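Read the structure below first, then the notes.
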Amino acid sequence: MRRIGVLGGMGPEATIFFMQQVVDAVQARDDADHIPLLVDNNSQVPSRIKAILEGTGEDPGPVLVNMAKGLVTAGAEALVMPCNTAHYYAGQVAAATDRPFLNMVEMSCAEAARIAPGGKVGLLGSPALQQVGVFEAALAEAGLTPVYATEQGRALATIRSIKAQGPSEFAAHTLSDICAQMVDDGADVICICCTEFSLLASDIAAKVPMFDALQVLVSAAVEYSRSGVSSPDGNEGAVALNSAAIS
């Protein structure tokens with residue numbers, strides 16, 4: 001199986017959650033059946049919020065580029081980055097090596113288009129997503145329109161709360177309220193697009209279909225890794241990934 005390099009630490013608990021979801025996604029009889037992961041759980045990546053929202057922090061781009069190069073040197077055959085906001089720097093990461101980069105944002109937009117073709121997508125994530133348009137180009141390419149939280153401060157406060165104190169019932173209630181607002185504003189589907197929010201995805205309520213971008217990335221990582229495995233007839237396993245989402 002192909003080794004997947006993980007640019008992690010954004011945040012550390014979300015990275016561990018991603019790894020656990022990859023383990024859970026495989027029906028394994030032995031250790032060797034699992035997806036090989038090379039993980040840089042780098043909690044020292046400069047704050048995306050400070051760099052993008054506040055304009056006061058260090059640029060995370062060069063750090064992410066060095067992480068990508070280090071993972072490839074260690075043997076990674078494809079790269080993933082389980083942080084939606086960090087995909088603002090996806091172009092730099094993808095260009096830093098000759099290995100495929102599985103783009104969570106682009107694959108999530110493809111999933112939203114499958115669920116609600118031509119519809120409106122409620123983006124349950126960091127205010128930075130709207131400020132710098134992390135999802136805008138991919139949504140437009142998929143024929144979709146974004147819907148954002150009107151109270152972005154509540155979303156940001158919830159991210160900070162989860163980073164500091166872990167998931168909570170209050171955080172889930174706040175995010176359910178934000179989902180209700182986005183549905184009132186016309187959202188046909190909700191995309192959970194903050195990996196902190198992924199930690200309590202099962203506790204968030206919405207009146208429209210909802211999916212988690214992190215789970216989209218999990219499925220893509222598993223598929224890509226296993227695409228090098230020979231089937232009983234000697235053929236390599238098929239990969240159903242959207243090629244446009246692999247840089």
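These numbers come from a predicted model, not from an experiment. Just so you know, residue 1 is the first one in the sequence shown, and it goes up from there.
Considering only heavy atoms from C-beta on, His34 comes within 4.5 Å of Val23 through its side chain. Within the 4.5 Å cutoff, side-chain heavy atoms of Asp177 are placed close to those of His173. Inter-residue side-chain proximity for Thr195 and Phe18 is flagged as unmet; no heavy-atom pair is nearer than 4.5 Å.
Nearest approach of Val6 to Pro82, heavy atoms of both residues: CG1-CD, 3.7 Å.
Around the CD atom of Gln131, the shell of radius 6.0 Å holds more than 12 heavy atoms that belong to other residues, nucleotides or ligands. Around atom OH of Tyr88, no more than 12 heavy atoms belonging to other residues, nucleotides or ligands sit under 6.0 Å away.
The backbone N or O of Val93 sits nowhere less than 3.5 Å from a side-chain atom of Thr97 that would complete a donor-acceptor pair. Listed for the Ser225 side chain is no donor-acceptor partner under 3.5 Å among the backbone atoms of Ala221. The closest donor-acceptor contact from the side chain of Arg154 to the backbone of Ile178 lies at 3.5 Å or more, if one exists at all. Checking side-chain atoms of Asp40 against main-chain N and O of Leu7 turns up no donor-acceptor pair under 3.5 Å.
Rounding to the nearest 0.5 Å places SG of Cys179 at 5.5 Å from CE of Met210.
Remark: the Gln152 side chain and the Gln130 side chain contain an N/O donor-acceptor pair separated by less than 3.5 Å.
In the hydrophobic clustering of ILVMFWY residues, with side-chain heavy atoms under 4.5 Å counting as a link, Val134 and Val63 come out together.
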